[in-house]
Amino acid sequence: MTFPDEWGADGGDGGPTESKLVPLSMQSNEALLIKTLLARSCPSARLSRVQRVQNKMLWREYADYRDKSLVHICAGGDVNEMLLFHGTAERAATDVLAHQNGLDPRFSNGGFYGQGIYLAEDPSYPIGGRYAHRISGSGGSRVQLLIVKAALGSQQEMGQRISAETRAMRMPDVRVEGPPRLLYNSVRGGPHRPFVSGGGENGCDASIVHVVYESRQMYPAYVIEVEMEMGAEVVAAVRAMGVAAVAAALRAHGSVSRVALAACGRLGRLCAEVRNKQAAADAGAIEAIVAAMQAHPQVADVQQNGCCAMANVCCGTDAAGLARKQRAADAGAFEAIVAALQAHPQDAGVQQQGCLALGNVCSGTDAAGLARNQRAADAGAIEVVVAALQVHPQVAVVQQNGCGAMANVCLGSDAAAIARKQRAADAGAIEAIVVALQAHPQVAVVQQNGCQAMANVCSGSDAAALARIQRAADAGGIEVAVAALQAHPQVAVVQQSGCRAMFNVCFGSDAAARARRQRAVTVGATEAVAGAMQAHPGDAAVQRRGQRLRDLLA
């Protein structure tokens, strides 16, 4: 029997059956090769230790099968030998190597392709999937992997196909019906991500995987230890995690910008689904998002993803939804969101998501909701929303979210709300809202939110309110409200908001108010409101607001 040359004469001085671990220099040819393999998908990883496995019995079984059996039954005599990565999970590699068969498929818990040993071409797969053994005391930043020499032979190509049938596999399918009847020697699938079928095109933890169903096709060649830059393996794992796990990762590693970015992005996507919102809050996601945003104020992508996640978690008007909004406010969400908007005024993505988050956390008409509106204003929300509208007039989603946030912050009729309305007008909100409505006449949500914002800012009957109303008329508020009604006759919410905005801008009893009403009639307001009421006979809000406006204009 010939052993590998690097083992030394007669296979070195190891025993006949046990594994001997031989430490290698980081400058040895073997270590340099492993560094190259590692760098393919884990460029931030540092190879800190390499031990060669010298087990004469396992090598004999492997080499005999490869050279005396497999070579005669695989297509073209190609044994297809590769070096691949395998994670031993909670068990240290030395414990696995103590078994007489080394890697034994009988201990497998199964997977995409049944009960076999799963080997990855890229180390990011076992590391990102947390299959790699975490070395105690390293905080998860140091992992141990096996590098396995595998004679794969003729492979059954599975691509990204996963089914109940593939998960039940105990051996590959038939390659040649014969005689002699030959099976494939192993399975090749992917690219897959850990726990996720497919996704190899956009997952940093993705890899082609090979599944082997016989111990003698594998030889555990090296035990390696890898120092991961903190966050790299967490980022990879986050992409496949559920809500609670992502929140936990963000709480634990949110100080690392890449983790904050990945986790906030994942939470934003997950919490777009209603069923995940409360689970995220229960897992501490709201506080973790705020902390991540506070930790990385100058990283625009973290701020954008954080605002998106906050907006989605805090969406909802039921009791649970209102409780989440209050929890966000108590955690400092307003201050974090306003800081994001102030720090990145030219970034449309941050402005879009920040305005949405402000609007969602503010929404609510009860006493707690009005208190949140005031807290948002105290944090500077009014000014940053006006700035967003002014800086990005052609970005429809910024305009719709900005107008929505302004409508919510300026809701109410008490003294504090009246002060917020005036503060908005002083900041230029009225003109910015009119510009939004003029710039996006065919975008129904912009029209709805813009009319709602104008109605809220212009509500009131005192001298200051009448001055705001006249200011809206002078800016073109009457014409844009009529245009909104005319452009979206079948959209009930636009008709509701448009009628309300028109009523507020035309309100009053002095000569200026009469002139505003005449101006509204001249540009078609009477016909527009009649059309609204005809188009939505069963909508109580349209009927009520429409009739009030008709009475005012008569």
Side-chain angles (χ1 to χ4, degrees), residues 1-12 14 16-20 22 29-30 33-34 36-37 40 52-86 96-97 99-108 111-122 145-159 166 169-190 207-223:
M1 166 58 63
T2 301
F3 298 101
D5 292 340
E6 57 267 23
W7 287 22
D10 298 321
T17 59
E18 68 273 11
S19 294
K20 178 184 179 182
V22 179
N29 290 336
E30 292 164 279
L33 171 61
I34 292 168
T36 300
L37 296 175
R40 289 191 307 200
R52 183 197 304 130
V53 180
Q54 297 183 185
N55 185 310
K56 294 179 181 179
M57 182 185 72
L58 293 182
W59 177 261
R60 286 192 189 95
E61 291 177 355
Y62 171 74
D64 281 350
Y65 178 74
R66 178 193 62 188
D67 299 337
K68 298 178 181 179
S69 298
L70 184 62
V71 70
H72 300 298
I73 59 175
C74 57
D78 181 7
V79 298
N80 191 15
E81 189 173 62
M82 297 180 69
L83 284 177
L84 301 166
F85 294 89
H86 177 73
V96 174
L97 294 175
H99 189 267
Q100 62 179 2
N101 292 332
L103 294 171
D104 193 331
R106 291 176 297 179
F107 291 120
S108 169
F112 292 153
Y113 305 109
Q115 190 177 10
I117 296 297
Y118 288 71
L119 308 171
E121 291 188 7
D122 292 310
L145 290 168
L146 279 176
I147 295 183
V148 177
K149 184 170 287 189
L152 302 168
S154 299
Q155 296 196 276
Q156 182 179 355
E157 293 284 350
M158 306 299 290
T166 67
M169 293 176 67
R170 298 181 68 86
M171 63 184 67
D173 288 342
V174 175
R175 177 172 67 87
V176 178
E177 285 293 346
R181 191 170 188 262
L182 301 175
L183 302 180
Y184 287 101
N185 308 115
S186 62
V187 162
R188 181 182 188 274
S207 178
I208 295 293
V209 295
H210 303 267
V211 188
V212 177
Y213 301 86
E214 292 195 55
S215 296
R216 57 183 178 168
Q217 280 183 259
M218 301 168 284
Y219 180 76
Y222 302 97
V223 177

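Annotation: the span from Glu18 atom CD to Lys56 atom NZ amounts to 9.0 Å, rounded to 0.5 Å. For the atom pair Leu183 CG and Tyr213 OH, the distance stands at 11.0 Å (nearest 0.5 Å). A distance of 9.0 Å separates CG of Leu70 from CG of Asp78, quoted to the nearest 0.5 Å. Here the CD atom belonging to Glu121 is positioned 11.5 Å from the CG atom belonging to Leu83, to the nearest 0.5 angstrom. Within the model, atoms NE2 of His86 and CD1 of Ile147 stand 12.5 Å from one another, a figure rounded to the nearest 0.5 Å. One distance of note links CG of Leu84 with CD1 of Ile117; it measures 12.5 Å at 0.5 Å rounding.
When atom types are taken as modelled, the side chain of Arg52 and the backbone of Glu30 share no donor-acceptor pair closer than 3.5 angstrom. In this structure a side-chain-to-backbone donor-acceptor pair under 3.5 Å is present from Ser108 to Gly116. In this structure, the side chain of Ser215 engages the main chain of Leu103 through a donor-acceptor pair within 3.5 Å. Gln156 places a side-chain N or O within donor-acceptor distance of the main-chain N or O of Asp173, the cut-off being under 3.5 Å. Between the Tyr184 side chain and the Glu157 main chain, no donor and acceptor come within less than 3.5 Å of each other. A donor-acceptor pair is defined here as one N or O able to donate and one able to accept, closer than 3.5 Å; no such pair exists between the side chain of Ser186 and the backbone of Val212. Not a single donor-acceptor pair under 3.5 Å links the side chain of Ser19 to the backbone N or O of Asn55.
Residues Pro220 and Leu97 form a side-chain contact, since some pair of their non-hydrogen atoms from C-beta on lies under 4.5 Å apart.
Side-chain atoms of Tyr219 and Glu81 include no donor-acceptor pair closer than 3.5 Å. Gln217 and Asn185 form no side-chain donor-acceptor contact under 3.5 Å, judged by distance and modelled atom types alone.
Phe3 and Trp7 have parallel rings, their planes meeting at less than 30° on a 0 to 90° scale where 60° marks the start of perpendicular. The aromatic rings of Tyr113 and Tyr118 lie parallel to each other, their planes meeting at an angle below 30°, with 60° marking the opposite boundary.
Scanning both residues, Ala150 and Leu119, for their nearest heavy atoms gives CB-CD1, 3.8 Å. Closest approach of Tyr65 and Glu214 over heavy atoms only: OH-OE2, 4.0 Å. What you find for Met169 and Val187 is that their closest heavy atoms are CE-CG2, 3.7 Å. Minimum heavy-atom separation, Thr2 to Trp59: O-NE1, 3.3 Å. Across Arg106 and Gln115, no two heavy atoms sit closer than the pair O-NE2, 3.1 Å. Heavy-atom minimum distance, Phe85 versus Leu145: CD2-CD1, 4.0 Å.
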As a quick check of understanding, evaluate salt bridge (charged side-chain N to carboxylate O under 4.0 Å, His left out) for Arg60 and Asp64, giving each step before the final call.
CA-CA 6 Å; Arg60 286 192 189 95; Asp64 281 350; over 6 Å; no

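With a 6.0 Å radius and a threshold of 12 heavy atoms from other residues, nucleotides or ligands, Met57 has its CE atom above the threshold.
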